[in-house]
Amino acid sequence: MKSQTASSGFLARYFKLAEKQTTVKTEILAGLTTFIALAYIIFVNPNILSEAGIPKDAAIASTIWIAALSTMVMGVVANYPVALAPGMGLNAFFAYYVCGTLGLHWTVALGAVFFSGVLFLILTVSHVRQAIINAVPQNLRVAIGVGIGLFIAFIGLKGTGLIVPDKATFIGLGHVTQPTTLLSLFGLVLTGALMARKVQGSILIGIVATTLLSMSLGYSPVPHGISDIVSTSMPHMGETFGKLDIVGAWNYGIVSIIFTFTVVELFDNMGTLIGLTSKAKLVKPNGEIENLDRALTTDAVGTICSSVFGTSTVTSYIESAAGIAAGGKTGLTAVTVSVCFLIALLFAPLVGLVPGFATAPPLILVGALMMQEVGKINFTDFSDALPAFLTIVMMPLTGSIANGFAFGFVSYAFMKIAVGKYKEVSWIMWLVSLAFVINLVMRS
């Protein structure tokens, strides 16, 4: 009876629930599942962005608002059960390389995010993205994801205090007995064990448990009233909204930064969507993915909006697989996630109480998850193995995703020439490699 009522309602008709063989109840439960799996971004992203100098309260608001709005559009326009939020890896590139290593002000970095969103939108509507994706060898595509995973894990390890600078060896082991380091290790082991047991929301549970333990031991501030938990007024983005410096980004000539934002977003989002749509049975028999252009356009527009709101690049989240596994097949799942994000705005003060060492373990664990793909790299052919290896190791060791791209792409082109397989390098790869060589020379 309930299924019949749902199928005759507006939601059932709009999201084509009957056609997808699902119900309103199933979609809502799937959305709640996805949100629980993804909610850690509310804690992690503001901490990373604050390292770039962005005011943390504004970063909390911008993270939640852009995740809620872009996810809502993904559900309503593309009818995908996929959630969007500021991407892990891209936020690290934004904070630790663009603003850290290069020393750019965060407003200029937001300008670069804006340009990357515009470029990605142009690539999407012109269908050039397919040509670029098809031109990059599978080994390098996989290596990019693995390298970003190591880069994220490296940042997490620094956040826990497990690794510290060392004059003799560059990197050394930190003081493991430090209370905050021990608390991070507690969070790492707890969250890892929960993930091994396939507990939904493991990362969020780990962050909350570590924070509560830290509060009980006196290493984190304790809320003293309802105002420290629930916001009496909606958090706002006044300090970040519209603060992007487009002119500064253009005048700085940061082509490589814009290029990296765009390429990482392109491959990360495309790979995520391919995996999620396949799991949600949105791939047609001929291999075509339903509403893919709408999904990619949503993501591109979301990236442009994220720069205006004051946060790093938005992308589709692989954690959406949790909701899909729970039965989510339509955009109603994404709409549910969006509503959950909006409700989370009321608890913004609580987010500010979470210490950085509690959000460091998830970075390590995300890195471990991204390492799973390394087995897909063909290490038996050294002309494939070396470029993939350089792509992976140069990201964390140089503190730059862009450097990983550069060494990987350029070495691939030269290795294929050296072994007489130059025909395997497309003209697009040649152009990209040349651009990276010029960039490396100009930066040296």
Side-chain angles (χ1 to χ4, degrees), residues 1-39 41-42 64-87 124-125 129 198 200-201 204 268-303 305 314-344:
M1 184 66 179
K2 290 183 179 179
S3 297
Q4 291 176 353
T5 302
S7 64
S8 62
F10 169 75
L11 293 177
R13 292 194 303 272
Y14 186 87
F15 293 106
K16 302 178 180 178
L17 302 187
E19 180 182 323
K20 301 296 183 181
Q21 299 181 334
T22 184
T23 65
V24 172
K25 180 180 178 181
T26 298
E27 294 294 302
I28 292 176
L29 289 175
L32 291 173
T33 301
T34 294
F35 177 75
I36 291 172
L38 180 60
I41 195 64
I42 299 175
I64 296 174
W65 274 113
I66 194 62
L69 296 180
S70 56
T71 300
M72 177 69 74
V73 174
M74 179 66 86
V76 172
V77 175
N79 199 21
Y80 273 23
V82 175
L84 288 83
T124 300
V125 298
R129 73 194 188 285
K198 303 187 184 302
Q200 293 294 340
L204 179 60
D268 179 74
N269 190 53
M270 195 69 181
T272 299
L273 285 177
I274 289 173
L276 293 175
T277 52
S278 176
K279 190 175 181 64
K281 296 181 170 36
L282 294 173
V283 182
K284 298 177 181 178
N286 63 357
E288 181 182 345
I289 300 175
E290 295 180 22
N291 297 334
L292 180 59
D293 285 344
R294 292 185 184 183
L296 290 173
T297 301
T298 298
D299 184 84
V301 174
T303 295
C305 292
V314 162
T315 189
S316 301
Y317 259 74
I318 195 64
E319 283 81 359
S320 301
I324 294 174
K329 297 179 181 178
T330 74
L332 184 55
T333 294
V335 171
T336 303
V337 176
S338 176
V339 172
C340 289
F341 270 119
L342 292 175
I343 294 174

Could you tell me whether a side-chain N or O of T34 sits under 3.5 Å from a main-chain N or O of G323, the two making a donor and an acceptor?
yes

### Query
Checking Y14 side chain against L332 main chain: does a donor-acceptor pair fall under 3.5 Å?
no

Between K16 and E290, does the salt bridge (charged side-chain N to carboxylate O under 4.0 Å, His left out) criterion hold? Intermediate values first, please. CA-CA 13 Å; K16 302 178 180 178; E290 295 180 22; over 6 Å; no

Taken to the nearest 0.5 Å, the spacing of I28 CD1 from C340 SG works out to 9.5 Å

Distance col, row C305:SG vs L84:CG, nearest 0.5 angstrom, shows 11.5 Å

Contacts satisfying side-chain hydrogen bond (donor to acceptor under 3.5 Å, both in side chains) that involve residues 66-81 (not counting sequence neighbours) are none

Quick note, side-chain hydrogen bond (donor to acceptor under 3.5 Å, both in side chains) partners involving residues 326-340, not counting sequence neighbours, are E27-T330, E27-T333

Closest contact, heavy atoms only, [X] versus [Y]:
{"X": "M74", "Y": "A295", "value": "CE-O, 3.7 Å"}
{"X": "V82", "Y": "S316", "value": "CG1-CB, 3.8 Å"}
{"X": "T303", "Y": "V314", "value": "OG1-O, 3.4 Å"}
{"X": "A78", "Y": "N291", "value": "O-ND2, 3.1 Å"}

Next on the checklist: With heavy-atom distances below 4.5 Å as the criterion, would you say the side chains of V301 and T297 are in contact?
Outcome noted: yes

ask   = With side chains defined as the heavy atoms from C-beta onward, is the minimum distance between P86 and I66 less than 4.5 Å?
value = yes

Hits for side-chain hydrogen bond (donor to acceptor under 3.5 Å, both in side chains) against T26, two or more places apart or cross-chain, chain-then-number order -> T23

Ring pair (Phe, Tyr, Trp, His ring centres under 6.0 Å) filter on Y317, not counting sequence neighbours, yields none

For F341, the ring pair (Phe, Tyr, Trp, His ring centres under 6.0 Å) test, sequence neighbours excluded, returns F35

